[in-house]
Protein chains: 2
Amino acid sequence: MTEWDIKKLQILRTLNERGTVTATAQVLLMTPSAVSQQLSNLAKQVGVPLLEAHGRRVRLTGAARLLLRHADAVLAQLERADAELAAYAKGEAGEVRVGAFATAVPALVVPAVRALRGAHPGISVRVREAEAGEAYDLLAAGDVDLALSLAAQAPREFEGGRFTQVTLLADPLDVALPRDHPLARTAALRLADLASEPWIFGGSGPWSEITRTACEAAGFVPEQAHSAAGWEAILAMVEAGMGVALVPRMAGAGAFGRSGVAMRELAADRPRRHVIAAVRRGAEASPTVSHVLAALRGATRA
Amino acid sequence: MTEWDIKKLQILRTLNERGTVTATAQVLLMTPSAVSQQLSNLAKQVGVPLLEAHGRRVRLTGAARLLLRHADAVLAQLERADAELAAYAKGEAGEVRVGAFATAVPALVVPAVRALRGAHPGISVRVREAEAGEAYDLLAAGDVDLALSLAAQAPREFEGGRFTQVTLLADPLDVALPRDHPLARTAALRLADLASEPWIFGGSGPWSEITRTACEAAGFVPEQAHSAAGWEAILAMVEAGMGVALVPRMAGAGAFGRSGVAMRELAADRPRRHVIAAVRRGAEASPTVSHVLAALRGATRA
DNA sequence: TCATTCTTTGAAGCAGATCTGAACGATTAC
DNA sequence: GTAATCGTTCAGATCTGCTTCAAAGAATGA
């Protein structure tokens with residue numbers, strides 16, 4: 001028996017509740033004949049008699065009671081599926097798979113998940129760490145539903161492509177320089193003022209080019225004295241007077257408690273790093289995805 | 001959505017495994033056309049899109065993955081039902097409801113259930129205590145599958161009726177009399193020798209008449225001096241010299257440790273009490289029921 | 001005991017759904 | 001650019017299930 005029929009199981013269940021074929025037919029808006037046929041059909045499929053005559057009515061056999069237990073479980077499961085799908089349609093259930101770069105996970109995704117748990121308990125988020133390029137591949141392949149990536153420029157919100165992108169956060173880049181540096185107290189610090197300094201390049205992946213890009217936009221080519229993947233290492237080098245660095249305000253907040261480092265805002269044409277959320281074209285219409293997007297937005301303000 | 005179709009869920013599951021409509025169709029021995037139609041049909045029923053185009057293939061949506069989890073559970077449940085029904089057909093699964101008189105439960109049913117648990121773990125027994133008359137009503141109404149009752153005569157094993165009866169045990173009745181009674185040492189004790197003794201009638205239900213019936217069969221009318229429902233009370237009265245009594249050997253084994261009571265076998269035309277198992281006509285062919293019957297038989301020999 | 005009534009079951013006809021086969025649009029590989 | 005692959009759509013054929021009608025079995029009442 002490989003081809004199960006839910007309707008037959010429902011008929012069996014109703015027969016068990018009502019006790020007679022006729023009453024079952026009334027409840028299910030069928031004729032007694034149809035009920036009888038379906039049940040004998042089911043019995044033939046399972047290979048075991050389900051009904052036996054008892055006076056002018058029928059009685060369920062042991063096999064029928066056995067089958068009934070499973071039928072109840074199956075029908076209950078289907079009702080749950082129904083309810084969850086209804087919730088899904090309203091954006092109150094479902095799973096959203098998020099691909100995010102490493103530092104975004106604790107800074108954005110985790111707070112968003114936490115907020116989501118309160119506001120939309122039915123929505124679950126599955127996180128997968130992925131750098132920008134990979135994240136877009138995953139997004140295109142359908143392995144994630146939402147990708148978080150970094151970029152130096154805000155994306156043109158092109159609607160014609162395969163993705164829809166929105167900027168979650170435009171984090172300004174501040175300059176980290178030694179506390180006793182002559183420029184540490186300048187009134188209006190501009191990037192060009194640091195043209196002759198030794199620079200410490202940051203980060204991994206696409207981020208490693210951000211310092212060079214920003215400096216070139218300011219009109220000079222920076223001298224790459226050092227480079228490091230983590231912000232803490234970079235700030236340590238700054239503190240030691242080994243150079244200056246561009247640090248996203250989000251990452252460098254408080255300079256990790258290093259008193260020898262001065263964080264200075266840039267006065268003009270301040271470079272920013274953009275945290276971009278991308279979904280497949282059309283997916284932003286999904287209520288579930290849009291709830292996750294809203295939660296991520298909220299996390300940028302916390 | 002109230003009308004679920006298992007076949008559609010299987011198609012969705014296979015599509016998830018194989019990844020393409022064509023491969024799914026091959027596995028399920030269908031045409032890609034049919035697969036496509038069934039899936040779009042399912043999506044329409046659910047009210048949420050399940051597939052979206054991805055290149056020249058399709059990808060499952062979040063709703064599809066949500067539905068898939070439930071589909072897996074449902075299909076697994078159905079496979080279990082299938083397995084259990086197959087086991088049921090072989091008599092290795094199922095539930096047998098037994099109606100039994102009170103003293104049969106510890107003496108016969110419990111040992112049988114214990115033995116059954118080892119030999120046929122899939123079979124479960126549901127016990128319901130019922131006196132003889134009630135047990136047969138329950139059996140006729142289909143509320144139990146097997147009835148245990150007591151009778152003074154072995155049933156004629158009539159096959160034409162509604163029930164099939166078999167004698168599980170023909171327990172001889174012994175005479176309990178005070179140890180110092182003159183007849184306590186007679187060589188061949190017959191019931192007629194006790195015609196002038198005061199009798200203690202036993203038991204409840206149909207059993208209360210057994211003493212009278214046996215004595216009348218022996219040619220005299222017993223004097224009912226006392227009566228009690230429990231064998232222990234009866235033996236206490238015998239020990240006190242208040243009368244003699246007929247006691248089933250099974251019930252009176254060891255005379256409950258009363259040294260003042262002598263248990264004597266009857267020499268001739270010894271009356272017996274019969275423990276009878278009855279099933280509805282035809283039910284003895286059920287492997288499950290016959291396994292329980294065999295276990296009950298085995299319990300009579302232990 | 002007989003008739004009535006209720007229940008279930010069976011046969012024939014019909015309606016709906018599903019499957020097949022071919023054609024089309026779109027995408028990928030060579 | 002061309003050919004092959006994939007998914008979908010449409011029309012026709014087939015199948016399953018439902019309804020109507022009819023009959024048989026079993027319980028209730030007189």
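Protein chains get the first letters and strands the later ones, always in sequence-line order, with residue 1 at the start of each. What you see below is based on every heavy atom in this structure, not just the backbone, and it leaves out hydrogens, waters and symmetry mates.
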Heavy-atom contacts under 4.0 Å between residues 26-37 of chain B and DNA chain D, which residues?
P32(B), S33(B), S36(B), Q37(B)
Taken to the nearest whole Å, CD/E3(A) to P/dC19(C) is 11 Å
Are the side chain of S36(A) and the backbone N or O of S33(A) linked by a donor-acceptor pair below 3.5 Å?
no
Between D145(A) and R97(A), is there a donor-acceptor pair closer than 3.5 Å when you use the side chain of the first and the backbone of the second?
yes
Taking only residues two or more places apart in sequence, or in another chain, which ones meet V127(A) in a side-chain contact (heavy atoms from CB on, under 4.5 Å)?
V105(A), V109(A), V125(A)
Pairwise N/O distances under 3.5 Å, protein to nucleotides 13-15 of chain D:
none

Neighbours of DNA chain D within residues 57-65 of chain B, by heavy-atom distance under 4.0 Å
R57(B), V58(B)
Does the distance from a Lys or Arg side-chain N to an Asp or Glu carboxylate O, for R13(A) and D72(A), drop under 4.0 Å?
yes
Heavy-atom donor-acceptor pair, T300(A) side chain to L169(A) backbone, under 3.5 Å:
no
Across all chains, not counting sequence neighbours, the salt bridge (charged side-chain N to carboxylate O under 4.0 Å, His left out) partners of R126(B) are E95(B)
Length of the line joining E52(A):CD and dT9(C):C1', which is rounded to integer Å:
17 Å
Nucleic acid contacts of residues 18-25 of chain B, taken as heavy-atom distances under 4.0 Å to DNA chain D:
T20(B), V21(B), T22(B)
Using modelled atom types only, decide if a donor and an acceptor are shared between the side chain of H291(A) and the backbone of I123(A) within a distance under 3.5 Å.
no
Tell me the ring-ring contact (aromatic ring centres under 6.0 Å, His included) pairs involving residues 124-149 of chain B, sequence neighbours left out?
Y136(B)-F163(B)
Taking atom P of dG10(C) as reference, at what distance in whole Å does atom CG of N41(A) sit?
12 Å
Quick check: does any side chain N or O of T61(B) sit under 3.5 Å from a backbone N or O of P49(B), one acting as donor and the other as acceptor?
yes
For K8(A), what residues pass the salt bridge (charged side-chain N to carboxylate O under 4.0 Å, His left out) criterion, not counting sequence neighbours?
D5(A)
Just report the end-to-end axis angle for the helix from dT1(C)-dA30(D) to dC30(C)-dG1(D), five pairs per end, to 10 degrees.
30°
Is there a donor-acceptor pair closer than 3.5 Å between any side-chain N or O of R128(A) and the backbone N or O of G99(A)?
no
Whole-Å distance between dT9(C) C1' and L39(A) CG?
12 Å
Any sub-3.5 Å donor-acceptor pair from R280(B)'s side-chain atoms to V144(B)'s backbone N or O?
yes
Under the side-chain hydrogen bond (donor to acceptor under 3.5 Å, both in side chains) rule, what pairs show up with a residue in residues 14-23 of chain B, not counting sequence neighbours?
none
Quickly work out the L50(B) CG to dG7(D) P distance and round it to whole Å.
16 Å
Expressed as a whole number of angstroms, how long is the span from Q38(A):CD to dG10(C):P?
14 Å
Check whether more than 12 heavy atoms from other residues, nucleotides or ligands sit under 6.0 Å from atom CZ of R65(A), and answer yes or no.
yes
At a cut-off of 3.5 Å, list every protein nitrogen or oxygen paired with a nitrogen or oxygen from nucleotides 26-29 of chain D, distance to 0.1 Å.
none

Between the side chain of Y88(B) and the main-chain N/O of A93(B), is any donor-acceptor distance below 3.5 Å?
no
Report yes or no: does H120(B) contribute a side-chain atom to a donor-acceptor pair with the main-chain N or O of L116(B) at less than 3.5 Å?
no
For A112(A), side-chain contact (heavy atoms from CB on, under 4.5 Å) partners two or more places apart:
A295(A), L296(A), A299(A)
In whole Å, what is the span from the CG atom of D5(B) to the C1' atom of dC19(C)?
14 Å
Taking atom P of dG10(C) as reference, at what distance in whole Å does atom NZ of K44(A) sit?
11 Å
For R57(A), I'd like to know if atom CZ has over 12 heavy atoms of other residues, nucleotides or ligands within 6.0 Å.
no
